[in-house]
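Throughout, protein chains are lettered first and strands after them, A, B, ... in sequence-line order, and every chain is numbered starting at 1. What you see below is based on every heavy atom in this structure, not just the backbone, and it leaves out hydrogens, waters and symmetry mates.
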Amino acid sequence: MITTPNVLEAIRQHGADAYPEEGCGFLLGTVTDDGTNRVTTLHRAANRHAENRERRYELTADDYREADAAAHEQALDVVGTYHSHPDHPAAPSETDLAEAPFPGYTYVIVSVHDGTPKDLTAWSLAPDRSEFHRERITVESPETA
Amino acid sequence: MPTTEATTVTIRIPTPLRSATDGASTVEVKGTTVNDALRTLVDQYPELKDNLYNEDDELRRFVNIYVGDDDIRFGDGVETPLEGGDEVSIVPSIAGG
């Protein structure tokens, strides 16, 4: 994905704010001609999982529709999601793989240790849904992004 | 011949699936039920099929279908009837750990 320092900082901040629970939301932006997701802003959402929100997160269809509407108001699309891993590494869990929706989204994970955001990684789902591949994060200044 | 004009509906395609619809964010198809419309859609764009349907040929768990603002789960599911001009949205829900 291509993004800005502000977007990465906002994801880290949401991870810190949600600690010790998982924070989650949507990545809004555009898709470049070569299929790379360019993330220009976030849409924060609530973690809707009914219990164990320290280890699970959920974004409902209604959350998606709200994010989609917010994206369209800015002439953007939903191009991915993010969530935090409190006191766990910034790598997809088995649950993340089992529950991931479509290939083509960028899935960002930020690890948060003792309330402080640490590593931030981006992933894409293989077309056959068998695994995540690490996605390169290209950071541009806000003026050019 | 009865007119089929009345059952032309618009299906909204989520961003990552547009690579399978030649970039189109909406696709017009004919169908009298949600199932009709979605089957016509995947016939027209076969690459969509595995993203929408599982091995048992049922809609994947995270695939939610709305007709206008209504989730079909609270209607007749995939047998929810469609009227001409309806907007059908494919809406993912997302979870993880």
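A pairwise comparison of heavy atoms in Pro81(B) and Asp76(B) identifies CD-OD2, 3.9 Å as the closest pair. Shortest non-hydrogen contact noted between Gly115(A) and Ala16(A) is O-CB, 3.6 Å. For the pair Ala10(A) and Leu42(A), the tightest heavy-atom approach, listed with the atom from each and the gap, is CB-CD1, 3.4 Å.
Between Arg56(A) and Glu51(A) there is no salt bridge, since no side-chain N of the basic residue sits under 4.0 Å from a carboxylate O of the acidic one. Checked for salt-bridge contact, Arg48(A) and Glu58(A) miss the test: no charged N lies under 4.0 Å from a carboxylate O.
In this structure, chain B has a heavy atom under 4.5 Å from the side chain of His85(A), while its backbone stays farther away. The parts of Asp69(B) that come within reach of chain A are both its backbone and its side chain, each placing non-hydrogen atoms under 4.5 angstrom from that chain. Only the backbone of Ala98(A) has a heavy atom closer than 4.5 Å to any heavy atom of chain B. The contact between Thr95(A) and chain B is made by backbone and side chain atoms together, counting heavy-atom distances below 4.5 Å. Heavy atoms of Asp63(A) lying under 4.5 Å from chain B are absent altogether. For Arg12(B), the part sitting under 4.5 Å from any heavy atom of chain A is the side chain, from C-beta outward, and nothing else. Proximity to chain B is limited to the side chain of Arg129(A), based on heavy atoms less than 4.5 angstrom apart. Only the backbone of Thr60(A) comes within less than 4.5 Å of a heavy atom in chain B; its side chain stays farther off. Pro103(A) touches chain B through backbone and side chain together, each having a heavy atom under 4.5 Å away.
Under the 4.5 Å side-chain criterion, counting only non-hydrogen atoms from C-beta, Pro92(A) is not in contact with Tyr107(A).
With hydrogens and angles left out, the side-chain atoms of Tyr57(A) and Asn52(A) include no donor and acceptor closer than 3.5 Å. Inspection of the His88(A) and Arg55(A) side chains reveals an N or O donor paired with an N or O acceptor under 3.5 Å. For Tyr82(A) and His14(A), the side-chain atoms include at least one donor-acceptor pair closer than 3.5 Å. Under the 3.5 Å distance criterion, with hydrogens and angles disregarded, a donor-acceptor pair is assigned to the side chains of Glu135(A) and Thr106(A). No hydrogens or angles considered: a donor-acceptor pair under 3.5 Å links the side chains of Asp34(A) and Thr36(A). Side-chain N/O atoms of Asn6(A) and Thr4(A) include no donor and acceptor closer than 3.5 Å.
Applying a 4.5 Å heavy-atom cutoff, the residues of residues 33-53 of chain B that approach chain A are Asn51(B), Leu52(B). Of residues 90-97 of chain B, those residues lying under 4.5 Å from chain A by any heavy-atom pair are Ile90(B), Val91(B), Pro92(B), Ser93(B), Ile94(B), Ala95(B), Gly96(B), Gly97(B).
Within the structure, salt bridge (charged side-chain N to carboxylate O under 4.0 Å, His left out) pairs that include any residue of residues 79-99 of chain A comprise Glu99(A)-Arg61(B) (at least two apart or interchain).
The environment of Asp33(A) atom CG is sparse: at most 12 non-hydrogen atoms of other residues, nucleotides or ligands sit within 6.0 angstrom.
The candidate from Asp77(A), Val31(A), Asp68(A) with the greatest count of non-hydrogen atom pairs under 4.5 Å with chain B is Asp77(A). Of the listed residues (Pro101(A), Gly104(A), Ser93(A)), the one with the most heavy-atom contacts under 4.5 Å to chain B is Pro101(A).
In this structure, Arg134(A) has no side chain to side chain donor-acceptor pair (under 3.5 Å) partners at least two apart in sequence or on a different chain.
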